[in-house]
Number of protein chains: 2
Amino acid sequence: MHARRPATLASLAAELGVSRTTVSNAYNRPDQLSPELRRRVLETARRLGYPGPDPVARSLRTRKAGAVGLLLTENLSYAFRDPAAIGFLEGLALACEGAGQGLHLVPVNPEREDVAAVHSAGVDGFVVYSVPDDDPHLAAVLSRPVPTVVCDQPRVDGVDLVGIDDHAAIAQLAGRLITLGHRNVGVLCMRLARDRNDGFASVARQRTAHFHVQRARLAALADSFAAAGVDWERVPVVERFDHSSAMGESAAAQLLDANPEVTALICTSDILALGALAEAKRRGLRVPHDLTVTGFDGIVEAERVGLTTIRQPVLEKGRAAGKLLLGAADHSRPRHITLDTELVLGTTSAPPRTTEQPWFGP
Amino acid sequence: MHARRPATLASLAAELGVSRTTVSNAYNRPDQLSPELRRRVLETARRLGYPGPDPVARSLRTRKAGAVGLLLTENLSYAFRDPAAIGFLEGLALACEGAGQGLHLVPVNPEREDVAAVHSAGVDGFVVYSVPDDDPHLAAVLSRPVPTVVCDQPRVDGVDLVGIDDHAAIAQLAGRLITLGHRNVGVLCMRLARDRNDGFASVARQRTAHFHVQRARLAALADSFAAAGVDWERVPVVERFDHSSAMGESAAAQLLDANPEVTALICTSDILALGALAEAKRRGLRVPHDLTVTGFDGIVEAERVGLTTIRQPVLEKGRAAGKLLLGAADHSRPRHITLDTELVLGTTSAPPRTTEQPWFGP
DNA sequence: TGTGCTGACCGTAACGGTTCAGAACCAATT
DNA sequence: AATTGGTTCTGAACCGTTACGGTCAGCACA
């Protein structure tokens, strides 16, 4: 009979001659009405094709959406492409499923400033994963009146935070390379700002990088090598906007073309390092004899090839973020969690070649 | 002043002395009011800390949530653990980001019947990925008045569908093994029903499996080998509830312990096959000389070790599902998409050992 | 007989927006 | 002077539900 408009709680109540409250209770508080009436309500619902209380209307009334939003810098699909992101999300998903919360991935485009998607996500809180400091999407999230946890970001006033000590972690790695004798190093890093710059990154650009993680790692490298007598101004740093192994390859090629004297390639991610290894192979450079390559993250693909890298607990990071967001009764003062990292000495690092000098001229 | 209750569109309108409509228009239809007034509205909003129209209230009125829901059989975190699932999700995410839609992962527990999460997901449609035919969560999804696309499922009346021809695909593989001379085969398969059964699966259980994909693959194997004169009743089929490489290992061990005469292990997923390979290695069985192992899916890890398998376009499957759900103006009649598969001949399949008989006596 | 309690149900007021049909005003055309 | 058209803004209805604070009948108990 109610074929046209789909049935609503109100229409069901009218049909039954009871109040809307009662129908609502039939679904949400079975103890508030007699079993007999409840049976009738549910049966009539089936007959009328009423699918149960509308989730959106319920959310509006109860002020709960039952989901946490995830914002990341990249395209949505990147979440399923980068092993580190996947690990992070697995951890976050673990926390969510434990709390019966859904996970709402917010679609953004890193090259656009369209924050509408952030404004239209019906969620109870946000996890923000490694976006640039000045990202308009981050600002949009912070403007929303819901709790937020940021990851791999600098502190934001009044916001919970999960991360690692990027500076200390990579300083440890740098120390190792210095001990081995490397002085001619080159760096491959990820996107430093929201504008696309596939090429060398000046020291100024490094210092003002909008991505906290990259900035911290580069600063630590600069500090470490400067302390070892290396003039950081002369250290080539090549940046890539997109994060993929192919980009690591091309970045390594660009760097080695311009600086053949380099004996160690320090990459700020394992993905880039894997690309660098591929490029080294293509050039006939033996790793680690001719060239040392290091990464960062500790993804399984890196472990498989014995990459020297920093292992960070990506899964645990995601889980910690989720727990912070969900478990937290006390949101009075922001909490900061710093997780441990570990230097993994693989087979891609060794002392520099001891031959006289590079093959190419003066 | 409005410190306690957060500002709403109405309070903003009151503050400005304009109608709610006008404030709404300031956000949604800038051309409907003078630039000057719009500026004032936005500025006052900033001053009052109004974060813009509430997404849930908007969704209620517009009947759009801006997100698609994903339902899968497993725990939420499984989506980030299984390479095939990850590929599927990457494809789905690509379709979503193209349409500016979010992706809402619905948290369910495969061992519980709690469908509340399905009922409380504020989404514009659902993609259902490989759940059992009688899954209550699937029923809950179908009861919701939103478009739905199912993947790797049998046809459901009036619902769009994306999948592959599981029967034909694995029949091709079976044909190959038969040509090679294998007659003593064993099968490792994934969960067949919602109840946990880690062990041998009877033919009856195989036939009544609740998971379409597994059922189709087993049926195809039974057909193929029966046609080659093999008594399928005697073919050992070992099932595992959880899907992991470790389960593949233990399943292979269980099967080989009971049936040492087996010359080929056919696995209904690459993950299980990788486990089987590990178990074979542990036992000192040389693959493919002593034992043939095959998989299904064509994940990169399998490719790396040269597994003989069926490659299916998981990413494309996800993308197709997303496009079907989002692009579709015409929902009048359900559409079915069947994607192509490809037999990948790796280095894990060969003719059976030609020695007389197994080492162990009768 | 009065009192208090419990179970079962109801009325009203939000929740925070969007939408649509006009109203009011002004300038330009007939 | 009347008509037309365009811009800018408004009032009221509506989206579908749940929270809150009741009412009311029936029953046990002193």
Side-chain angles (χ1 to χ4, degrees), chain A residues 2 4-41 45 48-66 116 119-124 143-146, chain B residues 2 4-41 44-45 48-66 116 119-124 144-146:
Chain A
H2 287 262
R4 198 148 291 279
R5 306 290 298 154
T8 79
L9 188 144
S11 69
L12 226 190
E15 173 85 14
L16 282 158
V18 301
S19 76
R20 303 207 297 282
T21 304
T22 299
V23 177
S24 175
N25 283 336
Y27 285 95
N28 304 318
R29 291 201 259 251
D31 58 313
Q32 294 292 304
L33 71 172
S34 65
E36 158 60 13
L37 178 55
R38 180 169 134 91
R39 201 191 49 68
R40 266 181 56 220
V41 171
L48 262 48
Y50 175 63
D54 180 280
V56 176
R58 168 185 284 158
S59 285
L60 173 60
R61 185 65 244 236
T62 61
R63 320 191 76 30
K64 296 215 177 321
H119 281 131
S120 70
V123 297
D124 297 327
S143 81
R144 296 265 311 255
V146 294
Chain B
H2 286 263
R4 197 148 294 275
R5 305 291 297 155
T8 79
L9 186 144
S11 69
L12 226 189
E15 173 84 15
L16 282 156
V18 302
S19 74
R20 306 211 304 283
T21 303
T22 299
V23 177
S24 176
N25 284 335
Y27 285 95
N28 303 319
R29 296 195 214 167
D31 57 315
Q32 294 292 303
L33 72 172
S34 66
E36 158 59 12
L37 178 54
R38 179 169 134 92
R39 201 192 49 67
R40 267 180 57 220
V41 171
T44 309
L48 261 48
Y50 175 62
D54 180 280
V56 176
R58 167 184 285 160
S59 286
L60 174 59
R61 183 65 236 234
T62 60
R63 319 197 75 32
K64 297 214 178 321
H119 281 131
S120 71
V123 298
D124 297 328
R144 296 263 316 253
V146 294

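Protein chains get the first letters and strands the later ones, always in sequence-line order, with residue 1 at the start of each.
Comparing B:Tyr50 and A:Pro35 against DNA chain C, the residue whose closest nucleotide sits nearer the 5' end is A:Pro35. In this structure, B:Gly17 and A:Tyr27 both approach DNA chain D, and ranking their closest nucleotides by distance from the 5' end singles out B:Gly17.
The shortest distance between the side-chain N/O atoms of A:Asn28 and the OP1/OP2 oxygens of D:dT18 is below 4.0 Å. Phosphate proximity of D:dG16 to A:Thr8: absent, as no side-chain N or O sits under 4.0 Å from OP1 or OP2. Between A:Ser24 and D:dT18 there is a side-chain N or O to OP1 or OP2 distance below 4.0 Å. At the phosphate of D:dC14, neither OP1 nor OP2 sits under 4.0 Å from any side-chain N or O atom of B:Arg63. A close approach under 4.0 Å does not occur between any side-chain nitrogen or oxygen of A:Arg58 and OP1 or OP2 of C:dC15. Contact between the side-chain N/O atoms of B:Arg29 and the OP1/OP2 oxygens of C:dT19 is found at a separation under 4.0 Å. At the phosphate of D:dT8, neither OP1 nor OP2 sits under 4.0 Å from any side-chain N or O atom of B:Ser34.
Panel note: side chain A:Ser59, backbone A:Pro55; a donor-acceptor pair is recorded below 3.5 Å.
Taking 3.5 Å as the limit, the base of C:dG17 and the side chain of B:Arg20 contain a donor-acceptor pair of atoms between them.
In plain terms, the two heavy atoms of A:Ala7 and A:Tyr50 that are nearest each other are O-CD1, 3.4 Å. Nearest heavy-atom pair across B:Leu9 and B:Val23 is CG-CG1, 3.8 Å. A:Pro51 and B:Pro145 get closest at one heavy-atom pair: CG-CD, 3.8 Å.
Regarding B:Asp31, its CG atom lies at a distance of 12 Å from the P atom of D:dC9, rounded to whole Å. When rounded to the nearest whole Å, the span between CG of B:Leu37 and P of D:dT7 equals 16 Å. Atom CG in A:Asn25 sits roughly 13 Å away from atom P in D:dC20 (whole-Å rounding). Distance, A:Leu16 CG to C:dA8 C1': 15 Å, rounded to whole Å. In this entry the distance linking CD of A:Gln32 with P of C:dT6 reads 14 Å, nearest Å. Rounded to whole Å, atom P of D:dT18 lies 13 Å from atom CG of A:Leu33. For A:Leu9 and D:dC15, the CG to C1' distance is 13 Å, given to the nearest whole Å. Distance, A:Arg38 CZ to C:dG7 C1': 16 Å, rounded to whole Å.
Residue-level contact check: B:Val56 touches neither bases nor backbone, having no heavy atom under 4.0 Å from any strand.
Taking the side chain of A:Asp54 as heavy atoms from C-beta on, and the options C:dC9, D:dA19, D:dT17, the nearest nucleotide is D:dT17. For A:Arg61, the side-chain atoms get nearest to D:dT17 when compared with the rest of C:dG17, C:dG11, D:dT17. With C:dC10, D:dT17, C:dG17 as the candidates, the nucleotide lying closest to the side chain of A:Thr22 is C:dC10. Nearest nucleotide to the B:Leu60 side chain, out of D:dT18, D:dC15, C:dG17: D:dC15.
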Pull out every protein N or O sitting under 3.5 Å from an N or O of nucleotides 23-28 of chain D, one pair per line with the distance.
none

Taking only nitrogen or oxygen atoms into account, show me every contact under 3.5 Å that the protein makes with nucleotides 21-26 of chain C, one pair per line with its distance.
none

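Distance CZ/A:Arg144 to CG/A:Asp124: 9.5 Å, rounded to 0.5 Å. The structure places CD of B:Glu15 at 10.5 Å from CZ of B:Arg40, a figure rounded to the nearest 0.5 Å. Between the CG atom in B:Leu60 and the CZ atom in A:Arg58 there is a gap of 13.0 Å [rounded to 0.5 Å]. Separation of atoms OG1 (B:Thr22) and OH (B:Tyr27) is listed at 13.0 Å; rounding is to 0.5 Å.
Residues B:Lys64 and A:Ser120 have side chains not in contact (no heavy-atom distance under 4.5 Å, counting atoms from C-beta outward). Within the 4.5 Å cutoff, no side-chain heavy atoms of B:Arg38 are placed close to those of B:Val41.
Residues meeting the side chain to side chain donor-acceptor pair (under 3.5 Å) test with A:Ser24, sequence neighbours left out: A:Asn28. Every residue two or more places apart in sequence or in another chain that forms a side-chain contact (heavy atoms from CB on, under 4.5 Å) with A:Ala10 is listed here: A:Thr8, A:Arg20. Judged as a salt bridge (Lys or Arg N to Asp or Glu O under 4.0 Å), and not counting sequence neighbours, B:Arg29 has no contacts.
Axis angle, first five pairs versus last five pairs of the helix from C:dT1-D:dA30 to C:dT30-D:dA1: 50°, rounded to 10°.
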